[in-house]
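Working notes for the structure below.
Letters A, B, ... mirror the listed sequences (proteins, then strands); counts begin at 1. Reckoned from all heavy atoms, side chains included, excluding hydrogens, waters and symmetry mates.
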Amino acid sequence: MLRFYNTLKGEIETFKPIEPGVVKLYTCGPTVYDYAHIGNFRAYIFEDLLKRTLKYFGYRVIHVMNITDVDDKTIAGSKREYKSLNEFTEKYIKAFFEDIKTLNIEKADYYPRATEHIDEMVKIIKGLLEKGHAYEKDGSIYFKISSFPNYGRLSKIKIEDLKSTGRVDTDEYTKENIHDFVLWKAKKEGEPFWETELGPGRPGWHIECSAMSMKYLGETFDIHCGGVDNIFPHHENEIAQSEAYTGKKFVNYWLHCHHLIVNGEKMSKSKGNFYTLRDLLAKNYNPKAIRFLLMSTHYRKVLDFTFEGLKQANSAIQRIQNFIYELENEDFHEGESKEVKEILIETSKQFDEGLEDDLNISVSLTALFSMIKKINILRNKKKVFKKDVENILKWLKKINTVLGFLEFEVKKELPPDILAKIKEREKARREKNYALADKIREELFKKGIILEDTKEGTRWKIIK
RNA sequence: GGCGGCGUCGCCAAGUGGUAAGGCAGAGGUCUGCAAAACCUCUAUUCACCGGUUCGAAUCCGGUCGCCGCCUCCA
């Protein structure tokens, strides 16, 4: 039984999809005005873990992730670079897809773009106007919060309690109530606009998610995800406009991922602690370790990103990879052991229970590491057999459909010059010229090749 | 001011009423070239602090201190 913490209820509840066996999932995607940063990826990796877990437990998942390609920032960026909006956003959309591939994040089924769904948004806004949930002022259209009594249910915010932070853009658009939010922005000089039944203009931010989720997933769907900062106002507004429009419940489960901070501080460009995935790759960090690090802290806890943590993540993965390497390359006797079988059953059970409990990945990883230790002990005693190894590898491959950071059968070919170096080193070792041997080993290590001298001779491993 | 979260070994991180998982780092050992890698063993009488409830609390209640997030377009 899968259980998730539902922001709407404020508690963990058993997950039950609308249609048995199928999960309709919508996750808030990137605004494509810059390269996504590691904080964004924390959210995307959480969503990836969620989706892979659902699939692991047998659900078919229909996943939609929006791409916000028109808003203040994308418009500002395109102006700054003297490009059309599309030309400008295309670069970052492409980068986004490269990045999620690097992190082994599974692709969504649909990536709808805001600019391609203007008609759908117009239709909803028209409906809201007709039903009295929206009003027009100076060419812009606003959602009337007072017409939707449930407003604030998700974020537990009462409108009366809202403090004006001075960030409210009061002069730019005139609204009846300061908390009403914009559905449609009137055309402004020098900005892109669409000629529609609502008049010339462009959509507000919130409406795209309502329009696109409804189009691909229906008026009511199972799970909606995003970062905690989206709870208010974005998701609150989505609920208001969607439910006011359809008269139906919008989403059953709202799952929110907490923030990532860097060295205990909020990531910001001015503090110089702002990292994109590309920044980390340029520093030669392993994407698998980045994935591990972003995934290994429970999604509802603040994740403090540090380079020390990234190193630790890399070492942790290496331990698992070593284990896989040994299973794949050591010679085992024919047969099967009852003991290993039992360990595997117990481990598998614990691993699953962790995931089922609101994606408690720590528990699942503990199960994995404990198994590695137990099997290593048996392995040293020669009490692991061929069939056992097959079963363990099979299971590891299965859990990797969730984890996504393990590699199997990594044995790649080494280039001839490297092989020659290894031969040279073996010769040096035979001649007890250890200074030269160590020098060669160090040299290869820097290239990501580890040499190990064992009883059976020298063997090599590629890391990274 | 309103709403919410967090504080567990040097670092990361589970556990949320039954007597402290796991990873990294560190120490010792096996192997070995008194090497590297790998593997094994060990490493918190204690869970920010002070009270209370209880046979029993890191876990519940009250208070204190510290840190953080959101409060109109930041995942």
Side-chain angles (χ1 to χ4, degrees), chain A residues 7 10 27-31 36-47 68 71-73 152 155-165 167-170 175 178-182 204-206 225-234 236-237 256-261 264-268 292-293 296-298 300-304 306 308-320 322-323 325-326 350 354 357 360-370 372-373 376-377 379-380 429 432-435 437-438 441-442 445 450-455 458-461 463:
Chain A
T7 307
T27 61
C28 279
T31 301
H37 56 70
I38 51 173
N40 299 125
F41 288 116
R42 193 221 177 164
Y44 303 147
I45 282 187
F46 144 64
E47 288 152 2
T68 301
D71 79 318
D72 292 349
K73 286 187 198 136
S155 53
K156 324 272 186 285
I157 280 174
K158 291 195 195 84
I159 304 203
E160 312 87 83
D161 293 340
L162 286 181
K163 183 185 166 188
S164 175
T165 52
R167 282 160 69 187
V168 183
D169 206 2
T170 41
K175 313 180 222 182
I178 195 155
H179 301 300
D180 287 347
F181 58 91
V182 68
W205 175 37
H206 315 296
C225 298
V228 279
D229 52 342
N230 277 159
I231 296 173
F232 188 86
H234 184 49
E236 196 69 69
N237 291 351
H256 293 99
C257 165
H258 274 60
H259 275 227
L260 172 148
I261 57 176
E265 289 184 310
K266 186 169 175 168
M267 184 164 60
S268 73
F292 180 93
L293 180 63
S296 57
T297 294
H298 185 82
R300 283 192 291 116
K301 281 189 92 171
V302 173
L303 167 64
D304 191 5
T306 62
E308 173 61 26
L310 197 48
K311 277 192 205 117
Q312 292 183 3
N314 199 54
S315 302
I317 288 184
Q318 200 53 51
R319 177 163 168 83
I320 310 173
N322 278 329
F323 180 69
Y325 181 89
E326 296 298 343
Q350 199 192 341
D357 182 19
N360 194 335
I361 189 77
S362 297
V363 166
S364 299
L365 289 176
T366 291
L368 172 59
F369 282 109
S370 304
I372 290 175
K373 180 158 285 180
N376 275 335
I377 292 168
R379 202 162 56 79
N380 288 339
R429 285 190 77 222
K432 301 208 187 295
N433 184 353
Y434 295 120
D438 290 353
R441 190 184 57 213
E442 187 56 28
F445 179 74
I450 289 182
L451 296 184
E452 294 183 358
D453 303 323
T454 69
K455 261 180 267 184
T458 301
R459 64 185 196 186
W460 52 268
K461 265 193 273 199
I463 55 166

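The CD atom of A:Glu236 sits 15 Å away from the C1' atom of B:C73 (whole-angstrom rounding). If you measure from atom CG of A:Asp357 to atom P of B:U16, you get 9 Å, rounded to the nearest angstrom. For the pair A:Met267 CE and B:C74 P, the interatomic distance rounds to 14 Å; values are reported in whole Å. When rounded to the nearest whole Å, the span between CD1 of A:Ile372 and C1' of B:C40 equals 15 Å. Rounded to whole Å, the distance from CD1 on A:Ile261 to P on B:A75 is 17 Å. In this entry the distance linking CG of A:Asn230 with P of B:C74 reads 9 Å, nearest Å.
Picking from B:A37, B:G23, B:G33 the nucleotide with the shortest atom distance to the side chain of A:Arg441 gives B:G33. Proximity note for A:Glu326 (side chain, C-beta onward) versus B:A75, B:A38, B:A37: the nearest is B:A38. Nearest to the side-chain atoms of A:Asp229 among the listed nucleotides B:C70, B:A35, B:A37 stands B:C70. The side chain of A:Ala316 has B:G23 as its nearest neighbour among B:A14, B:G23, B:A75. Listed nucleotides: B:C12, B:U41, B:A21. Nearest to the side chain of A:Ser362: B:A21. Counting only heavy atoms from C-beta on, A:Lys373 has its side chain closest to B:U41 among B:U72, B:U41, B:G33. Relative to the side chain of A:Ala437, the nucleotides B:G33, B:U72, B:C74 differ in distance, and B:G33 lies closest. Of all nucleotides listed (B:U72, B:G15, B:A75), B:G15 comes nearest to the side chain of A:Asn360.
Among the heavy atoms of the strands lying under 4.0 Å from A:Gly226 are primed sugar atoms or P, OP1, OP2 only; no base atom is included. A:His37 comes within 4.0 angstrom of a nucleotide base, judged by non-hydrogen atoms across all strands. Among the heavy atoms of the strands lying under 4.0 Å from A:Asn380 are primed sugar atoms or P, OP1, OP2 only; no base atom is included. Here A:Thr297 lies in heavy-atom contact (under 4.0 Å) with sugar-phosphate atoms only. Contact annotation for A:Arg429: base contact, defined as any heavy-atom pair under 4.0 Å involving a base atom. At a threshold of 4.0 angstrom between heavy atoms, the contacts of A:Leu260 include nucleobase atoms, whether or not backbone atoms are also involved. When heavy atoms are screened at a 4.0 angstrom cut-off, A:His206 is found touching no nucleic acid atom at all. When heavy atoms are screened at a 4.0 angstrom cut-off, A:Arg42 is found touching no nucleic acid atom at all.
Ring geometry for A:Phe292 versus A:Phe369: interplanar angle over 60°, hence perpendicular rather than tilted (30 to 60°).
Nucleotide B:C49: paired with B:G63 (Watson-Crick or G-U wobble, both distances less than 3.5 Å). Base pairing of B:C39 is made with B:G29, judged by Watson-Crick or G-U wobble geometry with both donor-acceptor distances under 3.5 Å. Base pairing annotation: B:G22 forms a Watson-Crick or G-U wobble pair with B:C12, both donor-acceptor distances under 3.5 Å. Pair check for B:G4 finds B:C68; Watson-Crick or G-U wobble, both atom distances under 3.5 Å. Across all strands shown, nothing is found opposite B:G56 as a Watson-Crick or G-U wobble partner with both distances under 3.5 Å.
Centre separation under 5.5 Å together with a plane angle under 30° holds for the ring of A:His259 and the six-membered base ring of B:A75, marking them as stacked. The aromatic ring of A:Tyr434 is stacked on the base of B:G33, with the two ring centres less than 5.5 Å apart and the planes inclined by under 30°.
Toward the 5' end of RNA chain B, the nearer of the two residues A:Lys432 and A:Glu265, judged by each one's closest nucleotide, is A:Lys432. Judged by closest nucleotide on RNA chain B, A:Asp453 is the one of A:His258 and A:Asp453 placed further toward the 5' end.
Phosphate proximity of B:C40 to A:Asn376: present, with a side-chain N or O under 4.0 Å from OP1 or OP2. Within the 4.0 Å cut-off from OP1 or OP2 of B:C12, not a single side-chain nitrogen or oxygen of A:Lys311 is found. Contact annotation: A:Arg319 reaches the phosphate of B:C40 (side-chain N/O to OP1 or OP2, under 4.0 Å). Taking side-chain N and O atoms only, A:Asn322 has a distance below 4.0 Å to OP1 or OP2 of B:A38. For the OP1/OP2 pair of B:C67 and a distance below 4.0 Å, the side-chain nitrogens and oxygens of A:Lys266 include no atom meeting the criterion. Regarding contacts with the backbone of B:A14, every side-chain N or O of A:Thr366 stays at 4.0 angstrom or more from both OP1 and OP2. The phosphate of B:G2 (OP1 or OP2) has no side-chain N or O of A:Lys156 nearer than 4.0 angstrom.
Expressed to the nearest 0.5 Å, how far CG of A:Asn237 lies from CZ of A:Phe181 amounts to 3.5 Å.
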Show, in sequence, the C-alpha distance, side-chain angles and deciding distance for A:Arg379 and A:Asn376, and conclude whether the side chain to side chain donor-acceptor pair (under 3.5 Å) test is met.
CA-CA 5 Å; A:Arg379 202 162 56 79; A:Asn376 275 335; 2.9 Å; yes

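The two residues A:Gly39 and A:Leu260 have their closest heavy-atom pair at CA-CB, 4.0 Å.
For a distance-only test at 3.5 Å, the side chain of A:Asp438 qualifies as a donor-acceptor partner of the base of B:G33. The base of B:C11 has none of its N or O atoms less than 3.5 Å from a complementary donor or acceptor on the side chain of A:Glu308.
A donor-acceptor contact shorter than 3.5 Å links the side chain of A:Glu236 to the backbone of A:Ser155.
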